[in-house]
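One structure is given here, and the rest of the page talks about it.
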Protein chains: 4
Amino acid sequence: MLKPKRLPAEKRKRVIIRAAIEVFSESNYRVAKISDIAARAGVTDPMIYKFFSSKSILFQEILKKTSSKTLQDFLEQDFFYMEKITCKEHFRLAIEKSLFSYFSSMEKYRKELKIYFQAISEVDEPDIEKVLKDSYQNYASLYESILQKGAEANIIQLEMSAKAIAWDIIGFMIHQSTLFLMGFYVEEDTKKLLNQRVSMWIP
Amino acid sequence: MLKPKRLPAEKRKRVIIRAAIEVFSESNYRVAKISDIAARAGVTDPMIYKFFSSKSILFQEILKKTSSKTLQDFLEQDFFYMEKITCKEHFRLAIEKSLFSYFSSMEKYRKELKIYFQAISEVDEPDIEKVLKDSYQNYASLYESILQKGAEANIIQLEMSAKAIAWDIIGFMIHQSTLFLMGFYVEEDTKKLLNQRVSMWIP
Amino acid sequence: MLKPKRLPAEKRKRVIIRAAIEVFSESNYRVAKISDIAARAGVTDPMIYKFFSSKSILFQEILKKTSSKTLQDFLEQDFFYMEKITCKEHFRLAIEKSLFSYFSSMEKYRKELKIYFQAISEVDEPDIEKVLKDSYQNYASLYESILQKGAEANIIQLEMSAKAIAWDIIGFMIHQSTLFLMGFYVEEDTKKLLNQRVSMWIP
Amino acid sequence: MLKPKRLPAEKRKRVIIRAAIEVFSESNYRVAKISDIAARAGVTDPMIYKFFSSKSILFQEILKKTSSKTLQDFLEQDFFYMEKITCKEHFRLAIEKSLFSYFSSMEKYRKELKIYFQAISEVDEPDIEKVLKDSYQNYASLYESILQKGAEANIIQLEMSAKAIAWDIIGFMIHQSTLFLMGFYVEEDTKKLLNQRVSMWIP
DNA sequence: GATGAATGAGCTTTCATTCAT
DNA sequence: GATGAATGAAAGCTCATTCAT
């Protein structure tokens, strides 16, 4: 092993997270050992604790980071640049594009996705449960507020509460993620389904 | 402690398996402790080892038992009583009914289903991987042979190999199971999808 | 396994001891399991406890039984039938014959011998230590009393106490037993050595 | 508890080995508990596992280390500095001296010797058997090669193969070790026997 | 008289985590 | 700032032994 370089804290932290993502995704939260992660990151065990106060916290940070990063990707593309959305059809398209963009990024985030599904088995740890819920909540809130805005601006009319629709959208995302991880994802099918759903959500 | 009742081996084994199913399904394979299972079954740890030589074996036995029990349920209903199946439509119906019967039993086997999905995270243990694969394989073989028979009897014509179709059927089952566990299962939707698929499988 | 016959207690006990001798001699006191012994004897574990209150007791009984049996063999041959021993030379011959008879029986008692040497590693259990010592003591006492009788009858003259000589005889027996178990026993050599020693003991 | 001193790994390992030698030699491999050894070494159980991956490995390392240490002592004294050995008499003397040096060191290695004899009861563990055999083999090879050299240089003439003689030498060593441990070792006697044997080996 | 059922007690081993240097 | 040394706590598993039937 190469002599461990002195890295600036932020960088080192990122290296550790990257290593942890790999190690966790290769087995699971319980089987993965701190020392495996440390070895993969090229540091010693206590270094992990310098940045993350416990294994659980490290796991949670991964969940949070992944969630916020994908959310970021999302916002940056700004599918919902309202100036451009002037009619229902545009609105529908924006929803479609945003979701499809998520589906397209699944390959890139395959490992993180696996970790998300592991997390489901760990919901008896309340902290983990919270992070998991929050992460879904963020997405839901985003869609909820967008739908709200669209409705307020009279661009669209909703038949259900914005919240209910938002959570159905999240459900669809999770569902497709599962299909993806299990090897059942077929882009064409999803596209069609997505189209149908959008018509349902925004009638 | 309540005075430990003496049970004949077969009964005790069943009690332990039941307890293990509960304990495993409430958290996961790694988190569940032998002593939790023992306590739930109202026995001491060593009793577990009288019946199952290791925790992993116990887990595997649950997987196997569940698999063979649901398969049994299946065979007993004999959807494929060939004397009665004389035309393609009957054949299609038999497939539909058999699958729908499986979907209907998911609620009954919710815990076992959860354990099956936990097992996916444990496939780095080769024994567990094998049991998992075998269990799917059994179902696949069943459908394969049925399709084969139907084709040989000229009741149906297949556009793909019986094997490929069989595995697509399994995929559909797994997919619906996932939806179910995640709370996304809607009987109506599944019925429609099932209908479509059957038309695909048996054109 | 054949249905366990109802055996008279004494016979059953002997069967168990025989099984225990085999099982112990094949590994060692700690590694040998009660259930192995029971299986070998064709009985269930609790049966062992019917006859021997603990594993240690069973081990001790083997030591005792072996000791008394070989001692018995010894006495029966009556090398020291005093009427026939009228001179030093006869006395020496009796000693020689008695020891040589022991050496000749080592093959027959190989397993028991192994157990004796195992017992040495277990002397931290005081009971076992006692049995071991007693067993040597019995032999020693025998020789001591014979030497005493010989001296009192003026057949032989001793240069050391009868006790000291007796224990040296025991030492020689143990030594030869060790050689035997380790595969270094050569009858010819032992015969010569024995002859020398006898001259020493009875000058 | 006394505050646990921090020791560099090498030192700590030596402390543990020393403790293990004592604890093993005081009872036996099965009776000695890891926690006994840890306590004796003034550490907690897991420290043992930092250095030795299992109890069996620890035991084996002791056997190996002892074997290589005594062999080292041996080689350092260089009884077989060939320049000085020019005639049969010198050669014989070298053999005698080397063996006698070993016998003289038995007191120093009494505990290790006891452990070696324990190991015999544990030969059903194949790893232990191997270590034991290798350890004897090393000594045998040493003597074999020396005898070979002597014969090739025409300093001595052998009546048997160098290998056979080498193993007879090992047998003699083991035998004397046994006598020593059982309290029957008498330097004088051994010297005489040794002298005889050497005449046999190198006639 | 014999056994199947059950357990107490204990051992090896693992791992997240801390702390002195 | 980084690490090697050390441990607390617990888990899986084994085995001699007991007891109800």
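In this text the structure is predicted, and so the values were computed from the model without any measurement. Here is the naming used below: chain letters follow the sequence lines, and residue numbers restart at 1 for every chain.
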Q.
Regarding D:Arg40 and D:Glu26, does a basic nitrogen lie under 4.0 Å from an acidic carboxylate oxygen?
A. yes

Q. Got a salt bridge between A:Lys13 and A:Glu61, using NZ or NE/NH1/NH2 to carboxylate O under 4.0 Å?
A.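 Yes, A:Lys13 and A:Glu61 are salt-bridged.
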
Of all the choices, [options], which nucleotide is nearest to the side chain of [X] once you look at every atom?
| X | options | answer |
| --- | --- | --- |
| A:Pro46 | E:dT3, F:dT17, E:dC19 | E:dC19 |
| B:Ala9 | E:dA5, F:dA2, E:dG8 | E:dA5 |
| C:Met47 | E:dG1, E:dT3, E:dT13 | E:dT3 |
| A:Lys55 | E:dT18, E:dA5, E:dA16 | E:dA16 |

Roughly, in whole Å, what's the span from [atom1] in [X] to [atom2] in [N]?
| X | N | atom1 | atom2 | answer |
| --- | --- | --- | --- | --- |
| D:Ile57 | E:dT12 | CD1 | C1' | 14 Å |
| B:Asp45 | F:dC15 | CG | C1' | 14 Å |
| A:Arg30 | F:dA11 | CZ | P | 11 Å |
| C:Phe24 | F:dA16 | CZ | C1' | 12 Å |
| B:Arg6 | E:dG4 | CZ | P | 11 Å |
| C:Lys33 | F:dC13 | NZ | C1' | 11 Å |
| A:Arg12 | F:dT3 | CZ | C1' | 12 Å |
| C:Leu58 | F:dT17 | CG | P | 10 Å |

**Q.** First encountered from the 5' end of DNA chain E, between C:Phe51 and A:Val31
**A.**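 Its nucleotide being nearer the 5' end, the pick is C:Phe51.
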
Q. Considering all heavy atoms of both residues, which atom of C:Ser121 and which atom of D:Asn28 are nearest to each other, and what is their separation?
A.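 What the structure gives for the nearest pair is O-ND2, 3.0 Å.
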
Q.
Tell me which nucleotide, if any, is Watson-Crick or G-U wobble paired with F:dT3 when both distances must be under 3.5 Å.
A.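 Paired with F:dT3, as far as the under-3.5 Å criterion goes, is E:dA20.
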
**Q.** Paired nucleotide for E:dG8 [Watson-Crick or G-U wobble; both distances under 3.5 Å]
**A.** F:dC15

Q) Base, sugar-phosphate, or nothing: which does B:Ala38 touch, judged by heavy atoms less than 4.0 Å apart? A)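 B:Ala38: no heavy atom of the nucleic acid under 4.0 Å.
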
Q. Looking for any heavy atom pair under 4.0 Å, which part of the strands does B:Ile48 touch: base, sugar-phosphate only, or nothing?
A. nothing

Q. For C:Tyr49 and B:Ile34, take the nucleotide of DNA chain F holding the closest heavy atom to each; which residue's nucleotide lies nearer the 5' end?
A. B:Ile34

(Q) Using heavy-atom distances to pick each residue's nearest nucleotide on DNA chain F, tell me which of D:Leu7 and B:Ser56 is more 5'. (A)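 The answer here is D:Leu7.
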
Q | Side chain A:Gln60, main chain A:Val131, donor-acceptor under 3.5 Å | A |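 Checked: no pair found.
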
Q) Side chains of C:Glu125 and C:Phe59: closer than 4.5 Å at any heavy-atom pair? A)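 The answer is no; the side chains never approach within 4.5 Å.
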
